[in-house]
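Here is the structure we will look at.
Residues: numbered from 1 along the sequence shown. No hydrogens, no waters, no symmetry mates; every other heavy atom, side chains included, goes into these values. No experiment lies behind these values; they were computed from the predicted model shown.
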Amino acid sequence: MDGQTTDFHAGPGAEQPVLVDQVEAPAIEWSPAPPVRVVASRPAQSVKQVQDGLWIADFGQNASGWITLSDLGPADTRTVIDYGEHVGSDGDLTTSHLDSVRPGEGPIPFVQRDEVVSAGRGETFEPRHTVHGFGYARIRRDGAPLDPASITTRIVHTDLRRTGTFACSDDDLNRLHEIADWSFRGNAVDVPTDCPTRERLAWTGDYQVFAPTATRLYDVLGFSRKWLRSVRDDQLPDGRIANFSPDGRRIKHHLDDQFAMMTGSAGWGDAIIAVPWELYRSYGDRDILTENWEAMVRWVDWALHTARTTRHQSRIERSPEPLPHEQYLWDGSFHWGEWTEPKAKAADGSRIDPIQTNPIAWFMADKGEVGTAFLYRSTSTLADVARVLGRTEDAARYTETAERVREAWRTEFLTPDGHTTGDTQAGYVRALSLGLVPDELREAAAARLVELIRGADTHLTTGFLSTGDLLPVLADSGHADVAYELLLQRTAPSWLYMLDRGATTIWEDWEGIDDTGTAHDSLNHYSKGAVIRFLHTHTLGLRQTPGSIAWESVEVAPVPHPSVPWARGTHESPQGTIAVEWRTTGDRLTITVDVPPATTARIVFPDGTIEEPVASGRFSATRRVGKTD
């Protein structure tokens, strides 16, 4: 047996030798992540008895953790606790929206349950070595009453240190910021899970989407660094990055598994590039790049090799021989694609899920636009990493390769008038945010994005990968008014629709609770909460200047809106705490900035007026900006 030695000895009272396996102890490494612990306790907001022996406790907040019961009743009283995120119209807990459903198979019921039998000695029940995702609990007990005051919820997650705050004049935006914050914390339980209920898996795509937002809210350096160890450990021999890490399926050891065919997706595997780079930019830690360099190279080289050697069927049908640019199109392997775009509706109002409707067509669809876009981002970022690490030859090689990938993307997916061949909101957001569109066509591409938004009755149609960049792209291309209209939109799909339906965390589906009150999918799925980065970078206006590392240089460039006459916030950077507050009064905008030592700042007013580098200390400036009411 690998890693084991054997030793024979006589056991106590044994007449025959006993075989004892001595397993070689694995090396134990120090974890840089903060511990998972109980960070808060709350009483139930309400406890309602819905029938004999059945109560529903409402905690007022969807979160991760468990509940404690200090009253277990007389001896032999059995108490059964079911946890969930939603209460149906009958007042009872429902978890059917969390059932697992696979095409062609029946649902697998979802259950989160604790059971306890009282010894009758006044014990308090509190589970250990588990965590539940819930905002409600159904408590069943026969033959004994339940004291509502005996119920307490324990909120449990990694004890992250807060580093960012935000507040503004719009209570809805403050509330949106709050529920996105809750959603991330509820999924930061030692690893960044997608949801604390159904899967509890640390999907690589979710965290690479949210990481730039996470670094604005908390110190996630150690938390992320620890998780990246798992990502590297799960990397397949050929360089592919697993869909989630830690990978309990150990796909790298089971390459004949069907799920192995769905491993190595753009936007998911690219986490091995995007997350370390974001950590370096935010904290200035070169070691995070050194630790992940080899894994980064293996991932990008695998993707480039796959682009050269595989083609999507549609391109084979177009031309039996590859066109010259196709060697840089990443289109011939599996990609999840944009994922969770708003679902279309049938004439009867029912939601159409393309994966459930025709899974083969979805699986085989051409997602080369997404794949090639992310191949460009990761290859160009890898060149940046190489420069930081002093790898001059690698930097030059990956820079040249990235440019070829970008030219291939433009050849295949961009028309001379600045339109993308897919012509979707997500495609334009990706093209603009990743720098794929030539400067002379950016205005046309942004204008087409706005046309698509207006054509959707000023609603977004973006999904998993591009939603977080939608509002910044609009604001940075001169369409801040449209960005705020989307941000403040109240009908689905929108963020404030979630608020109006009582959300206390971000949903997986844009209509997580539909107009009939029916729940769909996970109600605590943090990725769409990446929108609150816009509140920090644009509404508040605090961001690093291009090329800055660890907040050594910042730019304060707020994007006011008539509905938001003031905003304030802070960021505790490696250099110290940066504070920003701005307020509009009539046609005047006043910006006040607190700059820590070792940081320089510049203030950019909406009209383009710039206050050049401000030294440490407090600085305030006022400019006329036009009427805002």
Problem set entry | Reference residue F59; test ring-ring contact (aromatic ring centres under 6.0 Å, His included); the match among F134, W66, Y83 | F134
For this session: Using the test ring-ring contact (aromatic ring centres under 6.0 Å, His included), find all partners of Y428 that sit at least two apart in sequence or belong to another chain.
Result: none
Exercise. Considering residues at least two apart in sequence or located in another chain, which fulfil the salt bridge (charged side-chain N to carboxylate O under 4.0 Å, His left out) criterion with R490?
Worked result: D172, D500
Exercise. Should K226 and D190 count as an ion pair when the cut-off is N to O under 4.0 Å?
Worked result: yes
Problem set entry | Summary of salt bridge (charged side-chain N to carboxylate O under 4.0 Å, His left out) pairs that have at least one residue in residues 603-616, sequence neighbours excluded | E611-R623
Problem set entry | Euclidean distance, F184 CZ relative to N524 CG, rounded to 0.5 Å | 11.5 Å
For this session: Output all residues satisfying salt bridge (charged side-chain N to carboxylate O under 4.0 Å, His left out) with E443, sequence neighbours left out; order by chain, then residue number.
Result: none
Exercise. Could you give the distance from CG (L474) to CG (L487), rounded to the nearest 0.5 Å?
Worked result: 11.0 Å
Exercise. Got a salt bridge between R162 and D219, using NZ or NE/NH1/NH2 to carboxylate O under 4.0 Å?
Worked result: no
Problem set entry | Between OG on residue S477 and CZ on residue R442, distance to nearest 0.5 Å | 7.5 Å
Exercise. Between T193 (side chain) and N187 (backbone), is there a donor-acceptor pair under 3.5 Å?
Worked result: yes
For this session: Mind telling me whether W268 and W336 have parallel, tilted or perpendicular rings, with 30° and 60° as the class edges?
Result: tilted
Problem set entry | E451/R454 ion pair, N-O < 4.0 Å | no
Exercise. Got a sec, which residues hit side-chain hydrogen bond (donor to acceptor under 3.5 Å, both in side chains) with S378, two or more places apart in sequence or on another chain?
Worked result: D270
Exercise. Do R37 and V156 have side chains that get closer than 4.5 Å, going by heavy atoms?
Worked result: no
For this session: Could you pull out all residues at least two apart from T539 that satisfy side-chain hydrogen bond (donor to acceptor under 3.5 Å, both in side chains)?
Result: Y484
Exercise. Does the ring pair (Phe, Tyr, Trp, His ring centres under 6.0 Å) test come out yes or no for H536 and H571, once each step is laid out?
Worked result: CA-CA 9 Å; H536 288 262; H571 182 68; 8.1 Å; no
For this session: Could you grab the distance from atom CG of L414 to atom CZ of R406, nearest 0.5 Å is fine?
Result: 11.5 Å
Problem set entry | salt bridge (charged side-chain N to carboxylate O under 4.0 Å, His left out): pairs with one or both residues in residues 545-571, sequence neighbours excluded | E555-R602
For this session: Return the set of residues passing salt bridge (charged side-chain N to carboxylate O under 4.0 Å, His left out) with R185 (not counting sequence neighbours), or none when no residue passes.
Result: D181
Exercise. Restricting to pairs with a member in residues 194-214, which pass salt bridge (charged side-chain N to carboxylate O under 4.0 Å, His left out), not counting sequence neighbours?
Worked result: R198-E508
Seminar exercise, completed: To the nearest 0.5 Å, atom CG of L523 lies from atom OG1 of T504 at 8.5 Å
For this session: Please determine if R430 and E338 form a salt bridge, counting it only when a charged side-chain N lies under 4.0 Å from a carboxylate O.
Result: yes
Problem set entry | Worked verdict on W495 versus W510 for ring pair (Phe, Tyr, Trp, His ring centres under 6.0 Å) | CA-CA 8 Å; W495 293 278; W510 285 109; 5.5 Å; yes
Seminar exercise, completed: Here the salt bridge (charged side-chain N to carboxylate O under 4.0 Å, His left out) pairs for residues 570-581, sequence neighbours left out, are R161-E572, E581-R583
For this session: Taking salt bridge (charged side-chain N to carboxylate O under 4.0 Å, His left out) as the test, write out the residues that go with D423, two or more places apart.
Result: R448
Problem set entry | Inter-residue atom distance D469.CG - S433.OG, 0.5 Å rounding | 4.0 Å
For this session: List for me each residue that meets side chain to side chain contact (heavy atoms under 4.5 Å, CB included) alongside A530, sequence neighbours excluded, and say none if there are none.
Result: V209, F210, T213
